[in-house]
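Numbering of ligands and ligand atoms starts at 1, following listing order.
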Amino acid sequence: MPRQVPIMQLFLASTALLALLRPHPVEGAVIKRQTGNVNDVTLDIVNAQLAPDGFTRSTIVANGTYPGPLIKAKKGDTLRVTLNNKLSDPTMRRSTSLDFDGVFFNTDNSFDEGTPFVTTCPLGPNTSFTYTVPLEEQTGTFWYHSQLSVQYVDGLRGPLIIYDPEDPQADLYDVDDESTIIQVGDWWHNSTLPLLEGYEATGIVPVSDSGTVNGAGRFNGGPAVPFSVVNVEAGKRYRFRIINQSARNVFTLSFDQHNLTIIEADGIAVQPLAVSQLEILAGQRYSVVLEANQPVDNYWLNAPYVGGSPDRNLNQNATLSRGILRYAGAPEADPTAPMTLGPDTGVLVEANLRPLVADPPPEPDVNITLNLVVTDGKAIWNVNNVSYLPPQTPTLIKILNGATNASDFNVTENTFVLPANATVQIDFPPNDDDEAHPFHLHGSNFWVTKSNSSDVVNTVNPIKRDVVGVGAAGTTLRFRTDNPGPWFFHCHIFWHMQAGLATVMASGLDEIRDEVHPSAEWEALCPAYNALPADEQ
Ligand SMILES: *[C@@H]1O[C@H](CO)[C@@H](O)[C@H](O)[C@H]1NC(C)=O
Ligand SMILES: *[C@@H]1O[C@H](CO)[C@@H](O)[C@H](O)[C@H]1NC(C)=O
Ligand SMILES: *[C@@H]1O[C@H](CO)[C@@H](O)[C@H](O)[C@H]1NC(C)=O
Ligand SMILES: *[C@@H]1O[C@H](CO)[C@@H](O)[C@H](O)[C@H]1NC(C)=O
Ligand SMILES: *[C@@H]1O[C@H](CO)[C@@H](O)[C@H](O)[C@H]1NC(C)=O
Ligand SMILES: *[C@@H]1O[C@H](CO)[C@@H](O)[C@H](O)[C@H]1NC(C)=O
Ligand SMILES: *[C@@H]1O[C@H](CO)[C@@H](O)[C@H](O)[C@H]1NC(C)=O
Ligand SMILES: *[C@@H]1O[C@H](CO)[C@@H](O)[C@H](O)[C@H]1NC(C)=O
Ligand SMILES: *[C@@H]1O[C@H](CO)[C@@H](O)[C@H](O)[C@H]1NC(C)=O
Ligand SMILES: *[C@@H]1O[C@H](CO)[C@@H](O)[C@H](O)[C@H]1NC(C)=O
Ligand SMILES: *[C@@H]1O[C@H](CO)[C@@H](O)[C@H](O)[C@H]1NC(C)=O
Ligand SMILES: *[C@@H]1O[C@H](CO)[C@@H](O)[C@H](O)[C@H]1NC(C)=O
Ligand SMILES: [Cu+2]
């Protein structure tokens with residue numbers, strides 16, 4: 001129908017024009033919710049039979065693929081993402097909720113931030129919801145995933161890249177497009193409902209069957225699924241945007257015979273730092289520049305992972321987690337070099353990263369210490385002796401209804417009430433379990449004033465990011481409460497999060513009541529969700 005096209009364009013042009021005519025925040029008004037170009041995106045959340053590693057299973061994915069389609073945005077856009085929940089498979093959760101990992105959301109849009117029971121309620125089957133996501137000044141590498149329970153393990157994960165037409169680092173690379181996005185993730189053959197049941201019964205975090213690189217992987221004894229190929233041309237420099245969509249496994253990424261120059265971590269530009277390999281925790285993102293300066297050939301992209309004892313799952317083989325870097329002119333074949341785990345030198349030390357634009361942290365106004373402890377032998381994780389339980393009424397609704405201090409929330413909500421416009425320091429003392437917990441803050445990013453990778457406290461030029469490893473050496477970070485809202489702060493190993501390793505950092509409660517004016521569509525979510533039969537939640 002040719003006539004539909006101009007009508008659609010007219011509609012888009014007029015909404016964009018409206019946004020241009022009133023680009024600026026108007027206190028307390030809904031208008032502030034859209035700035036810049038409006039970029040409409042549709043995601044159909046569906047069940048699909050897929051076999052990323054050769055084992056066919058029912059999955060929950062966006063638009064039928066794992067990973068989901070690229071959401072491509074430009075600096076300053078407002079994304080308007082319409083989610084159509086078409087889930088019908090009763091062996092998995094049928095409700096859903098989307099998180100745009102690392103995107104801040106300003107206060108008056110906080111209710112579109114899809115963290116179930118903190119800022120919203122999940123979306124039931126056969127319903128739709130439109131998230132308004134103003135990207136404002138943010139640029140770089142992000143991703144989206146289900147934030148409901150451990151549902152993203154069933155497949156709902158995909159990339160979100162915010163391109164900067166005036167990237168200050170543009171002279172460092174020649175190519176940056178859909179072909180240079182590298183997504184690594186862990187993959188399980190069973191659905192999350194039985195996996196979660198097993199975890200709760202035994203306290204043993206489910207061990208993945210395989211690791212995938214751009215949606216392709218292999219397991220011991222499985223078919224030889226073709227490895228994902230990254231194509232390059234000799235003489236060019238590529239900006240690879242690496243996203244760790246893992247729910248558990250830690251991958252270590254390297255390319256045979258090529259070094260990498262890191263230029264971005266979690267949406268923040270960093271000074272170029274050369275490494276031979278980099279470890280990326282679940283939820284973390286890096287941009288690295290690879291110069292295609294070797295003889296035309298096929299080279300291995302090594303992405304081995306660690307995540308639980310392989311003895312618990314004989315399918316697991318980290319050596320099979322890999323892809324291929326193929327130069328134009330090379331044969332369409334696997335590299336002839338042996339499959340290795342990559343170099344063990346030239347390791348990224350997070351503490352050596354420096355921001356491209358200096359931005360030292362202010363002195364803290366509030367200090368908080370968070371102790372992470374697992375209850376022996378149980379699937380229960382505590383932060384300061386409290387195992388987080390999602391409340392039935394989302395935190396944001398409690399605030400809109402008048403909650404003013406910590407005692408207005410149940411202890412199990414582990415909610416910290418913080419002043420607005422303050423600098424908060426979070427100190428994670430060294431923890432003695434040997435797991436690296438990638439802690440992720442919603443709503444803003446933080447300075448890493450002490451990285452677990454070093455003993456040095458750096459309050460002069462530390463990087464900012466939104467996922468940081470908390471481990472045996474201790475980690476300290478600082479953030480500003482400039483974005484009032486209840487922001488989830490949790491381990492990105494979703495099995496740990498589900499077992500209680502989470503808190504809520506709620507700041508500016510009065511500002512929230514002034515500025516947040518939820519839509520009727522949002523107000524309807526909780527009553528609708530609460531009315532659903534259990535198997536549709
Ligand atoms: C997802 O699929 C829908 C329906 O086919 C399509 O309109 C939409 O553009 C797709 N989304 C993306 C991000 O590709
Ligand atoms: C959703 O819609 C489909 C098709 O109309 C229908 O078969 C299914 O029963 C509906 N599911 C629920 C949970 O209402
Ligand atoms: C999934 O888990 C269920 C319940 O534990 C089990 O019966 C089934 O065999 C598992 N399926 C696979 C593919 O592992
Ligand atoms: C992704 O994160 C997981 C969990 O933190 C980690 O085990 C894995 O090594 C990471 N992947 C990469 C490529 O670094
Ligand atoms: C990568 O960097 C290391 C350390 O600087 C160096 O020894 C090595 O030769 C480099 N490799 C390549 C392929 O450039
Ligand atoms: C893992 O895969 C590699 C490459 O195919 C193979 O050499 C190795 O024996 C496998 N490991 C196990 C434990 O099966
Ligand atoms: C917070 O801790 C720092 C030490 O890291 C200390 O210098 C500062 O006085 C403390 N601030 C408050 C408000 O307790
Ligand atoms: C945790 O509980 C123990 C014993 O009940 C107590 O000694 C300790 O101070 C508590 N720790 C925190 C951080 O609240
Ligand atoms: C918390 O709020 C309640 C009433 O909502 C009030 O009685 C109490 O004094 C407040 N506590 C603090 C520490 O502000
Ligand atoms: C409130 O916290 C108590 C423990 O203090 C817990 O037993 C109870 O289940 C929690 N209630 C809700 C609704 O989360
Ligand atoms: C926080 O700072 C903003 C901008 O500087 C200001 O408008 C607002 O009133 C401040 N809020 C508080 C609670 O100080
Ligand atoms: C933290 O540092 C310790 C000691 O160097 C190391 O064993 C652990 O793997 C590190 N964890 C993270 C999350 O980087
Ligand atoms: Cu964890």
Side-chain angles (χ1 to χ4, degrees), residues 44-48 58 60 83-96 122-129 148 232 234-235 237-238 240 252-262 272-278 288-302 325 327 335 337 340 342-349 352 360-370 416-419 421-430 446-451 455-460 462 474-481 507 528-537:
D44 291 336
I45 309 304
V46 298
N47 294 121
S58 179
I60 295 178
L83 201 67
N84 299 314
N85 180 350
K86 301 185 171 177
L87 297 175
S88 59
D89 184 342
T91 69
M92 289 176 285
R93 292 292 290 266
R94 277 190 280 175
S95 289
T96 192
L123 181 69
N126 286 351
T127 55
S128 297
F129 185 77
L148 177 62
V232 295
R237 297 160 308 162
Y238 291 81
F240 288 138
T252 306
L253 206 119
S254 63
F255 292 85
D256 281 1
Q257 290 179 52
H258 293 77
N259 284 334
L260 305 167
T261 302
I262 301 177
L273 178 73
V275 297
S276 302
Q277 57 124 302
L278 70 168
V288 300
V289 175
L290 175 143
E291 200 174 338
N293 59 4
Q294 295 295 306
V296 167
D297 205 345
N298 288 294
Y299 297 89
W300 288 119
L301 181 182
N302 310 299
L325 180 74
Y327 279 60
T340 70
D344 50 14
T345 55
V347 177
L348 163 65
V349 176
N352 292 345
E363 283 305 303
D365 303 305
V366 178
N367 288 336
I368 296 173
T369 300
L370 297 182
F416 292 78
V417 174
L418 303 167
N421 291 347
T423 301
V424 178
Q425 174 163 304
I426 306 271
D427 189 41
F428 293 97
F446 44 71
W447 291 273
V448 183
T449 56
K450 186 194 168 299
S451 165
D455 290 335
V456 175
V457 173
N458 176 3
T459 56
V460 178
T475 303
T476 307
L477 50 92
R478 289 181 193 173
F479 65 93
R480 294 277 307 160
T481 54
S507 61
Y529 179 79
N530 292 331
L532 286 175
D535 67 335
E536 288 181 28
Q537 287 194 334

Chemist: From the options V366, I368, N367, select the one residue that forms a side chain to side chain contact (heavy atoms under 4.5 Å, CB included) with P364.
Modeler: N367
Chemist: Would you say D535 has more than 12 foreign heavy atoms packed within less than 6.0 Å of its CG?
Modeler: yes
Chemist: Please could you name the atoms of ligand 2 that E536 approaches to less than 4.0 Å, counting only its heavy atoms?
Modeler: 13 (C)
Chemist: Atoms of ligand 5 less than 4.0 Å from Q257 heavy atoms?
Modeler: 13 (C)
Chemist: For the pair Q277 (side chain) and P343 (backbone), establish whether a donor and an acceptor sit closer than 3.5 Å, ignoring hydrogens and angles.
Modeler: yes
Chemist: Which residue holds the protein heavy atom closest to atom 6 (C) of ligand 7, what is that atom called, and what is the gap in Å?
Modeler: N367 ND2, 4.1 Å
Chemist: Please check whether D365 reaches ligand 7 - meaning an N/O of the residue sits under 3.5 Å from an N/O of the ligand, judged on distance alone.
Modeler: no
Chemist: Are there protein heavy-atom neighbours of atom 14 (O) of ligand 2 below 4.0 Å?
Modeler: yes
Chemist: Answer yes if a protein heavy atom lies under 4.0 Å from atom 11 (N) of ligand 5, otherwise answer no.
Modeler: yes
Chemist: Would you check if L253 and F240 make a side-chain contact, meaning some heavy-atom pair closer than 4.5 Å?
Modeler: no
Chemist: Test your reading of the model: is there a side-chain donor-acceptor pair from T459 to the backbone of P360, 3.5 Å cut-off?
Modeler: no
Chemist: Considering only heavy atoms, does Q425 approach ligand 7 within less than 4.0 Å through its side chain, its backbone, both, or neither?
Modeler: side chain
Chemist: Is there a side-chain contact between V424 and D365 in this structure, where contact means two heavy atoms from C-beta onward sitting under 4.5 Å apart?
Modeler: no
Chemist: Tell me whether N126 has any N or O atom under 3.5 angstrom from an N or O of ligand 2.
Modeler: yes
Chemist: Do N84 and S128 get their side chains close enough for a donor-acceptor pair, meaning under 3.5 Å?
Modeler: yes
Chemist: Any protein heavy atom under 4.0 Å from atom 2 (O) of ligand 7?
Modeler: yes
Chemist: Can you find a protein heavy atom closer to atom 8 (C) of ligand 2 than 4.0 Å?
Modeler: yes
Chemist: Any non-hydrogen side-chain atom of Q425 less than 4.5 Å from a side-chain atom of P361?
Modeler: no
Chemist: Please identify which atoms of ligand 5 are closer than 4.0 Å to at least one heavy atom of N259.
Modeler: 1 (C), 2 (O), 3 (C), 8 (C), 10 (C), 11 (N), 12 (C), 14 (O)
